[in-house]
Protein chains: 2
Amino acid sequence: MIDITPGQIDEAMDWLSSISDKEGKGTTRLLYSKSWVEAQNSLKDLFEKSGMQTEFDAVGNLYATIEGSETPEVIIASGSHVDTVVNGGRLDGQLGIMSAYLAIKGLIEKYGQPKKSLRIISLAEEEGSRFPYTFWGSKNLFNIADPKDVSDITDSEGISFVDAMHEAGFDFQEEPSKFSKMDAFVELHIEQGNFLEEENLKVGVVNAIVGQKRYSIKLKGEANHAGTTLMKYRKDVVECMSRIIVEVIDRAKEIGDPLVVTFGQVDVVPNVVNVVPGEVEFSIDMRHTDQDALNDFAKEVEALIQGHAEVKGIDSTVELWMDEPPVPMNDEIIQIIEQVCKDQNLSYQVMHSGAGHDSQIFAPRVPTGMIFVPSIKGISHNPEEHTEAVDIEQGIQALAAALKKLAY
Amino acid sequence: MIDITPGQIDEAMDWLSSISDKEGKGTTRLLYSKSWVEAQNSLKDLFEKSGMQTEFDAVGNLYATIEGSETPEVIIASGSHVDTVVNGGRLDGQLGIMSAYLAIKGLIEKYGQPKKSLRIISLAEEEGSRFPYTFWGSKNLFNIADPKDVSDITDSEGISFVDAMHEAGFDFQEEPSKFSKMDAFVELHIEQGNFLEEENLKVGVVNAIVGQKRYSIKLKGEANHAGTTLMKYRKDVVECMSRIIVEVIDRAKEIGDPLVVTFGQVDVVPNVVNVVPGEVEFSIDMRHTDQDALNDFAKEVEALIQGHAEVKGIDSTVELWMDEPPVPMNDEIIQIIEQVCKDQNLSYQVMHSGAGHDSQIFAPRVPTGMIFVPSIKGISHNPEEHTEAVDIEQGIQALAAALKKLAY
């Protein structure tokens, strides 16, 4: 185990999270903003002071490397994204960068130079909070970002992506990134759920990131007078939607974890107290780590919607507008992280991620693993986002031990 | 039966409904507006040309009377309201005035002077469409309108009720209305529902106007990440609401007609696709002709909401903000209308009204009855509001026959 204290962790997170576009509670650090430039440059200085070689790529991903003594061409990397959502917390993304730093610094202090190279990656962007584009950092790292996709987009103030990038001192990649070649990647991140907290566990070893399908469902019945239309003559879309929701949720609970399904958005027309509602549009978000299980459930749900609508003589349209496959983590990396948790007597569990992360871009291309630390009440994307430093410490110990196994 | 043709009915309705604040489809005739003044004055002229004695009361209700030959002090009245909603149809309210006119005119032409007095009432206001106050006409007729309730209200353009009233040439009543004394009142109105059409009937004999309760329900659970929060850890208010809706509607259908219950308004917070919804506010509108049945159902629903919320650890608040009792029509008048329908071989049914009408102000004070004619598809408060003139004719024949029984 490396030497690290909760105090050091809090200090490191307070320092990085204080670099924000806005004052007050929470952190706002949008891609290519003033605070974003300051954060990447400050990290560069910090890493260099610890004896690491630093380099930006064309778009602004920052890499800090300690060369290996025996096979320096073998790269073991760790990190996460430096951008935040608007009024985000102090942990999402940036904890993965600082954990990589503290783990690698701790390893070097205790065990000296690694045999293979160790690398911290501070990715330019993941959230899509300033511009409508996500994973800009990791997608450029692996040369799968298409400049055309961002060439016409602007932020909420009308500033174009390209102008913001140039203003920050960066540009599109002219040739494929040399950093795409690496031999392992481990990302530490807050869980952003309440599973670890509810189960009183400190470390989550991620085995997969869920696939997700998102739907927009429209039901069109008949708006009628709420007093004069007998129940039997109604084509009530809120009733129809409610029957669908109850049945879909009951079925999801029957199938069980890790399947989740959410009806987060409901818009009723005309939405007045004394009119039987004639139109409703609602969303479905469904996620599972297994592609077949997700597909099977989706088919069931689609059939169930159609069935309920037809019985009532209601028109239904079902639009699937997001269909992302599940991404499994690398088995060997999972086993390594699990083993070090056992070795160190950390309370851990192998679990899935219900949210997307940079690791989903890495995993199909590089052996990749993820370590979760608990999120108090599952709160994230919010200034209240919190994990106790003593709990983060266990995650960093697991990360350091895994990197040691991989690089020493 | 009186002599009347569908052509005469269409002509009469086209004439009155053309007096509108706005051009184009539908009729807009708001209380004390220019077209409202024109309509009441035009009706006054029309009634006078038919030999009736006319008089406005202080607030602008118009009365047209044919004196009875034997007991002129006994008044048999019929009519409805002259105001419309914004962009309303050509029938709601005004059909009741024109039907009274056509029926009484037809009776006099065929049977001469009645023994008792016959009176048409063109009520100033019922809809509450210009100012937030309903039944201004009938409430003044019965001296139950409190000037204080309208002294501070304004229309959407900021014009005060009092100024609008003065501008139209009317004022508050200084003494109790002499018109409140009458011996029977029969109102003909469109059904504003689809019961008669669905059942292929031409006349509805109203036995009661429903009582109604309106609720605002708030559920407060916990907003959570839609991906990272397992189903078992959720306090999902949309799920909770859906279970309530399904159970309440199933129970209402079990209890059966005339109970209706509507969930017309649903507002979810934060209402985004990838967040388990943490708050929802929704409306309940429930109606029944029997006070005890309505109260019992309301108790069941309130208990059911609390039960569903408690099971899920969700906070619920239940606000009852409207609680109007049912209003029965007069048994003798119901029997008279039923009898004349039988005598004339009209296809009729005794039914309740699911909507409010001026008759609910009359019925507790004067023997009152209502006659419904079919509304095509139940559409009302809409330029598409329609009833075939051949169907209206049957309603007017029923009205005329009932008035004959009462006044001759």
Side-chain angles (χ1 to χ4, degrees), chain A residues 191-195 198 210 212 214 216 222 224-234 236 238-239 241-246 249 252-253 256-268 270-277 280 282-285 287 353-356 375 377-378 380-381, chain B residues 191-195 198 210 212 214 216 222 224-234 236 238-239 241-246 249 252-253 256-268 270-277 280 282-285 287 353-356 375 377-378 380-381:
Chain A
E191 183 199 343
Q192 300 180 287
N194 60 356
F195 174 77
E198 289 279 346
V210 289
Q212 48 183 303
R214 292 188 186 170
S216 180
E222 211 170 81
N224 281 120
H225 193 295
T228 60
T229 315
L230 294 180
M231 298 306 278
K232 64 184 165 196
Y233 297 133
R234 298 181 174 205
D236 178 343
V238 164
E239 177 192 352
M241 174 189 73
S242 298
R243 292 187 191 280
I244 291 165
I245 290 174
V246 168
I249 288 179
K253 287 177 176 171
D257 301 332
L259 177 63
V260 286
V261 62
T262 305
F263 299 82
Q265 193 168 9
V266 176
D267 294 296
V268 177
N271 210 35
V272 291
V273 59
N274 58 347
V275 176
V276 180
V280 67
F282 62 97
S283 66
I284 309 181
D285 174 315
R287 311 189 192 196
S353 171
S375 292
K377 289 185 187 168
S380 185
H381 287 191
Chain B
E191 182 198 344
Q192 300 181 288
N194 60 356
F195 175 78
E198 289 280 346
V210 290
Q212 47 182 303
R214 292 188 186 171
S216 179
E222 210 170 80
N224 281 120
H225 193 296
T228 60
T229 314
L230 295 179
M231 298 306 278
K232 63 184 164 197
Y233 297 133
R234 299 182 174 203
D236 178 343
V238 165
E239 178 192 351
M241 173 188 74
S242 297
R243 291 187 191 281
I244 291 165
I245 291 173
V246 169
I249 288 179
K253 287 176 177 172
D257 301 333
L259 178 63
V260 287
V261 62
T262 305
F263 299 83
Q265 191 168 12
V266 176
D267 293 296
V268 177
N271 211 34
V272 292
V273 59
N274 59 346
V275 176
V276 180
V280 69
F282 62 97
S283 66
I284 308 181
D285 174 314
R287 311 189 191 195
S353 170
S375 292
K377 289 185 186 167
S380 185
H381 287 193

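FYI, side chains are in, hydrogens and waters are out, and symmetry mates aren't considered; it's all heavy atoms of this structure. The structure presented is a predicted model; accordingly, all values stated were derived computationally and were not measured. In what follows, every chain begins at residue 1, and chains take the letters A, B, ... in the order their sequences are listed.
- In terms of heavy-atom proximity, A:Ala226 sits nearest to B:Val260 at O-CG2, 3.5 Å.
- The two residues B:Gln192 and A:His225 have their closest heavy-atom pair at O-CB, 3.7 Å.
- Only the side chain of B:Asp236 has a heavy atom closer than 4.5 Å to any heavy atom of chain A.
- Between B:Ala252 and A:Met231, the shortest heavy-atom distance links the atoms CB-CE, 4.4 Å.
- Heavy atoms closer than 4.5 Å to chain A are found in the side chain of B:Asn224, but not in its backbone.
- When heavy atoms are compared at a cutoff of 4.5 Å, B:Arg243 approaches chain A by way of both its backbone and its side chain.
- B:Asn274 pairs with exactly one of A:Gln265, A:Gln212, A:Arg287 by the side-chain contact (heavy atoms from CB on, under 4.5 Å) rule, that one being A:Arg287.
- Counting heavy-atom pairs under 4.5 Å between each of B:Gly264, B:Gly193, B:Ser216 and chain A puts B:Gly264 at the top.
- Proximity to chain A involves both the backbone and the side chain of B:Val273, based on heavy atoms less than 4.5 angstrom apart.
- In this structure, the side chain of A:Thr228 does not engage the main chain of B:Ala355 through any donor-acceptor pair within 3.5 Å.
- Using a 4.5 Å cut-off between heavy atoms, B:Val280 does not touch chain A at all.
- Interface remark: B:Val275 contributes backbone atoms only to the contact with chain A (heavy atom separation under 4.5 Å).
- Scored by the salt bridge (Lys or Arg N to Asp or Glu O under 4.0 Å) test, A:Asp267 finds no partners at all (sequence neighbours excluded).
- Only the backbone of A:Lys377 comes within contact range of chain B, with at least one heavy atom under 4.5 Å from a heavy atom of that chain.
- With respect to chain B, the highest number of heavy-atom pairs below 4.5 Å among A:Val261, A:Val268, A:Val238, A:Leu230 belongs to A:Leu230.
- Between B:Ile245 atom CD1 and A:Met241 atom CE the span is 6.0 Å, to the nearest 0.5 Å.
- Closest non-hydrogen pair, A:Pro277 versus B:Thr262, comes out as CD-CG2, 4.2 Å.
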Could you go through the side chain to side chain contact (heavy atoms under 4.5 Å, CB included) check for B:Asn194 and A:Thr229 one step at a time? CA-CA 6 Å; B:Asn194 60 356; A:Thr229 315; 4.0 Å; yes

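- Only the backbone of B:Leu259 has a heavy atom closer than 4.5 Å to any heavy atom of chain A.
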